[in-house]
Amino acid sequence: MNLDLTLRSEIQKAIHSLFQVEFDQLQLQPTNAEFEGSHTLVCFPLTKISKKGPEETARLVGDHLQMHSGLVNRYNVVKGFLNLVLHDSVWVNVFESIYANANYGVTPATGKELMVEYSSPNTNKPLHLGHLRNNFLGYSVAEIYKSIGYTVHKVQIINDRGIHICKSMAAWKLYGDGETPHRSGLKGDKLVGKYYVEFDRNYKAQCKELEAQGLSKEEAERQAPIMKLAVQLLQQWEQKDPEVWQLWNLMNGWVYAGFDVTYQRMGVDFEKLYYESKTYLLGKEEVLKGVERGVFFKKEDGSVWVDLTADGLDQKVLLRSDGTSVYMTQDIGTAILRFRDFPKIEGQVYTVGNEQEYHFKVLFLILNKLGYEWARKCYHLSYGMVDLPTGKMKSREGTVVDADDLMEEMVQEAARQTQELGKIDDMSQQEIKDLAEMIGLGALKFFLLKVDPKKRMLFDPNESIQLQGHTGPFIQYTHARIKAILRKAASMNISVDANSISKVSTLEPAEREVILKINQYTNKIQEAAREYSPAILANYAYELAKEYNQFYQAIPIFNESDPVALKFRIAFSEVTAATIAKAMALLGIRVPDRM
RNA sequence: GGUCUCAUAGCUCAACUGGAUAGAGCAGCUGCCUUCUAAGCAGCAGGUUGCUGGUUCGAGUCCAGCUGGGAUCACCA
């Protein structure tokens, strides 16, 4: 049974019979902790139809519900707020139906499909902290949509061509001396990144030298030999020069091998990879067709533009005067290609930083102008930057937090603290290692996901590494404690079944609070999906764990002599653990049985 | 300069989309482990929600203006 819907309809019935009016704009909200009750009806909006003061209106509705609704036990009125106290049997019923449903919180397949793009790195340097936020967000949103019945296609577009990779190639050719990941033992993406830095260092030195010889800054930047080499490589690449392509394939291959290791540890996956080298020429045809249909226009020099001034934006170029594509052209092509690849998807989610908000606004408008219905279902999952205490991450200034390093650091810290607590001394080396992995990554993921994606956030290495308080490990810990209870119950041969639950007649306040929280789970998933915000689920999981911990501390389960209450509490703990595990799984966080 | 966006406790974040006395965690202080795991629980202290007006029965939330951050506005990607 859906408690909220049932209660809503009972309230509507009450209002109808009291005031003879249909009123469907009910404001029903959770009761503040300081008052008795679980649901609160805000009665100010009702005064217009009741023609009475808010308090009297509240009392009328409260009386009616108490007399005619089987749900409401008693009520209290504070100002215009009607606080409802439901019968314990209602809560027991709610719990029973959740307990009976092993798939609680999972919507069966609806036939709807969605594509989620995330990660989408350049291939000239390793993944960093910003990519971690991106990957965790994209992965989680995809999982959330799966759980509400969507088939989700996780994809990325890999920026594998362009001047950036040519820079790494140029530096490697000049200074690499044939270095390979195999020979140096360096991870492939790190190796390529090393030569990207190497490029920059030499480029700057060369510019400085040329400037000392009297060249202007711009002139020096153009004339620097290493830059000339990079530009030459780019041109040769575009002409499909076999030698250049071989090197390009080789170095990209190193990067992909490195990325695979990183993705593996992050726990993210992709169904299909799109490569810019294969899609960057797409879109041109679509744009030309658009010109024919008068959606776009051509200037005298041959360049093609879209006029978005009617939408409050400016004019944007889509094809250069020499006929070549720009970034936007390519994105138009890729979007259309994806809908051809997956004709059933109703839209695409682009997990990309908020510095590209303007770009996506324009892209969606253009797709719309081209007549694609699905353009309205495309969503830019725009997230804020991750700042460091020292300010913005700047790759040139070496203040970038490397993804591999950070994950390793978190796992090390988790291992250290776990060791220190000494609760797992009997575990095997493999189990201990796996546990540290689970906790370290759980802490990191939770830290990055608990903040509203839209907001920029601060990453303080000292605080982020904490495993107490409002953290992933706090929630994992709650799960592990419940598992200990369940193990003990099993060893005592206590069997729980639906029948024993239905015999429960009264509940402790702490129990009611937890059931109330568990009951919110499905709503929270819907909300998280609607808002594209894993933060909503992260904070929910935290609240649920916190609520359970209060119960745990207040009521020692195995001190209970009444077998009905004992069995109920075991079942209730079991459902809490399962709900925590499910919510965390949607965030990409695993939970341990012991820690 | 135009557009967008953010500003909440010392610090990091919440606030059910306009509802009650704005909540958590960290940091600080005080209690609670003969055990279902103290990675926990209970409590104390900490706030003019950047500023000024407005709309409303009611504003951290909506509107206007100001102050201060950030992003964006290339025939770059």
Side-chain angles (χ1 to χ4, degrees), chain A residues 27-35 40 42-45 47 53-54 78-81 83 122 159 161-164 276 280 299 301-305 312-314 316-328 330-331 353-359 361 382 384-385 387 389 392 414 417-418 420-421 423-424 439 443 447 450-452 454-460 462-464 466-471 473-478 480-489 520 523-524 527 531 535-536 539 542-543 545-546 549-550 552-559 569-570 573 594-595:
Chain A
Q27 287 191 44
L28 195 60
Q29 61 188 44
T31 304
N32 282 11
E34 61 202 294
F35 304 112
T40 292
V42 184
C43 293
F44 300 99
T47 53
V78 182
K79 298 192 196 166
F81 297 92
N83 302 320
N122 289 356
N159 194 2
R161 56 128 221 151
I163 191 68
H164 53 85
E276 271 200 6
Y280 81 110
K299 286 194 177 171
D301 61 5
S303 57
V304 174
W305 296 73
L313 306 175
D314 349 336
K316 294 284 291 183
V317 69
L318 297 177
L319 288 177
R320 298 188 185 99
S321 47
D322 64 5
T324 55
S325 295
V326 294
Y327 187 46
M328 185 65 74
Q330 168 190 321
D331 268 7
N354 64 7
E355 69 273 12
Q356 295 203 34
E357 262 167 20
Y358 184 75
H359 173 78
K361 208 177 273 179
S382 163
M385 295 204 142
D387 289 321
K392 264 177 85 165
Q417 292 201 32
T418 305
E420 211 168 73
L421 290 169
K423 299 178 185 176
I424 43 86
I439 297 171
F447 188 87
K450 72 176 178 184
V451 181
D452 181 345
K454 290 196 283 293
K455 294 190 177 170
R456 62 167 37 222
M457 66 180 293
L458 185 86
F459 183 86
D460 183 338
N462 297 322
E463 192 197 331
S464 325
Q466 281 203 345
L467 311 181
Q468 283 89 23
H470 190 181
T471 66
F474 169 90
I475 302 166
Q476 292 172 319
Y477 175 71
T478 306
R481 284 216 295 202
I482 296 176
K483 284 295 180 179
I485 290 174
L486 299 179
R487 279 192 297 273
K488 181 163 177 175
Q520 287 174 3
N523 283 342
K524 291 290 180 182
E527 195 185 337
E531 305 285 328
I536 289 167
N539 289 315
Y542 173 72
E543 286 166 22
K546 192 155 183 56
N549 278 333
Q550 287 171 21
Y552 178 94
Q553 210 79 28
I555 302 170
I557 292 181
F558 293 102
N559 285 2
R569 283 170 193 163
I570 288 164
S573 299
R594 290 178 55 196
M595 68 185 274

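Note that this is a predicted model, so its numbers are computed, not measured. Here is the naming used below: chain letters follow the sequence lines, and residue numbers restart at 1 for every chain.
Straight-line distance from the CZ atom of A:R456 to the C1' atom of B:U12: 15 Å, rounded to whole Å. Atoms OH (A:Y477) and P (B:C36) sit 13 Å apart, rounded to a whole Å. To the nearest angstrom, P of B:U35 lies 19 Å from CZ of A:R487. In this entry the distance linking CE of A:M385 with C1' of B:U72 reads 11 Å, nearest Å. Rounded to whole angstrom, the span from the CG atom of A:N559 across to the P atom of B:C36 amounts to 8 Å. Following rounding to the nearest Å, A:K423 (NZ) and B:G40 (P) show an atom-to-atom distance of 9 Å. The interatomic distance linking A:Q330 (CD) with B:C76 (C1') rounds to 12 Å, in whole Å. If you take CG of A:L458 and P of B:G10, they are 17 Å apart, rounded to a whole angstrom.
Note: A:I485 CD1 to A:I570 CD1 = 8.5 Å, rounded to the nearest 0.5 Å.
In this structure a side-chain-to-backbone donor-acceptor pair under 3.5 Å is present from A:D452 to A:K454. Without hydrogens or angle criteria, A:T418 side chain to A:A414 main chain gives a donor-acceptor distance under 3.5 Å. Between the A:T478 side chain and the A:F474 main chain, a donor and an acceptor come within less than 3.5 Å of each other. A distance-only check finds a donor-acceptor pair linking the side chain of A:K450 to the backbone of A:H470 [under 3.5 Å].
Applying the 90° cutoff around 0 to the glycosidic angle, B:C16 is assigned anti. Using a 90° window around 0 for the glycosidic torsion, B:U17 falls inside it and is classed as syn.
Minimum atom distance to the side chain of A:K546 is reached by B:G25, of the listed B:A39, B:G25, B:G40. Closest approach to the A:R320 side chain among B:U12, B:A77, B:G40 is made by B:A77 (side chain taken as heavy atoms from C-beta onward). Ranking B:C41, B:A77, B:A71 by closeness to the A:E355 side chain, first place goes to B:A71. Of the listed nucleotides (B:A77, B:C41, B:U37), B:C41 has the atom at the smallest distance from the side chain of A:Q550. Among the nucleotides B:A74, B:C26, B:C13, the one closest to the side chain of A:V317 is B:A74.
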Under-3.5 Å N/O pairs linking protein and nucleotides 15-20 of chain B:
{"from": "B:U17", "atom 1": "O4", "to": "A:E531", "atom 2": "OE1", "distance (Å)": "3.2"}
{"from": "B:U17", "atom 1": "O4", "to": "A:E531", "atom 2": "OE2", "distance (Å)": "2.7"}
{"from": "B:G19", "atom 1": "N7", "to": "A:Q27", "atom 2": "OE1", "distance (Å)": "2.9"}
{"from": "B:A20", "atom 1": "N6", "to": "A:T40", "atom 2": "OG1", "distance (Å)": "2.8"}
{"from": "B:A20", "atom 1": "N6", "to": "A:N83", "atom 2": "OD1", "distance (Å)": "3.1"}
{"from": "B:A20", "atom 1": "N1", "to": "A:N83", "atom 2": "OD1", "distance (Å)": "3.0"}
{"from": "B:A20", "atom 1": "N1", "to": "A:N83", "atom 2": "ND2", "distance (Å)": "3.4"}

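If you check the side chains of A:R481 and A:N549, you find a donor sitting under 3.5 Å from an acceptor.
At least one side-chain nitrogen or oxygen of A:N549 sits closer than 4.0 Å to the OP1 or OP2 atom of B:C41. Contact annotation: A:R594 does not reach the phosphate of B:C36 (side-chain N/O to OP1 or OP2, under 4.0 Å). Remark: A:Y552 is in phosphate contact with B:A38, judged by side-chain N or O atoms under 4.0 Å from OP1 or OP2. Between B:A74 and A:K316, no contact under 4.0 Å exists linking OP1 or OP2 to a side-chain N or O. Taking side-chain N and O atoms only, A:R481 has no distance below 4.0 Å to OP1 or OP2 of B:U35.
If you check every strand for non-hydrogen atoms under 4.0 Å, A:I570 touches nothing.
A parallel orientation is assigned to the rings of A:H359 and A:Y327, their planes being inclined by less than 30° (bins at 30° and 60°).
In this structure, A:K488 forms a cation-pi arrangement with A:F558, its terminal cationic atom sitting closer than 6.0 Å to the ring centre and no more than 45° off the ring axis.
For the pair A:H359 and A:K450, nearest-nucleotide mapping onto RNA chain B gives the more 5' position to A:K450.
Between the side chain of A:T478 and the base of B:A39 there is no donor-acceptor pair of N/O atoms closer than 3.5 Å.
Helical stems of RNA chain B (runs of at least 3 Watson-Crick or G-U pairs, donor-acceptor distances under 3.5 Å) are listed by first residue: B:1-7 with B:67-73, B:10-13 with B:23-26, B:28-32 with B:40-44, B:50-54 with B:62-66.
With sequence neighbours excluded, the residues that form a salt bridge (charged side-chain N to carboxylate O under 4.0 Å, His left out) with A:E543 are A:K517.
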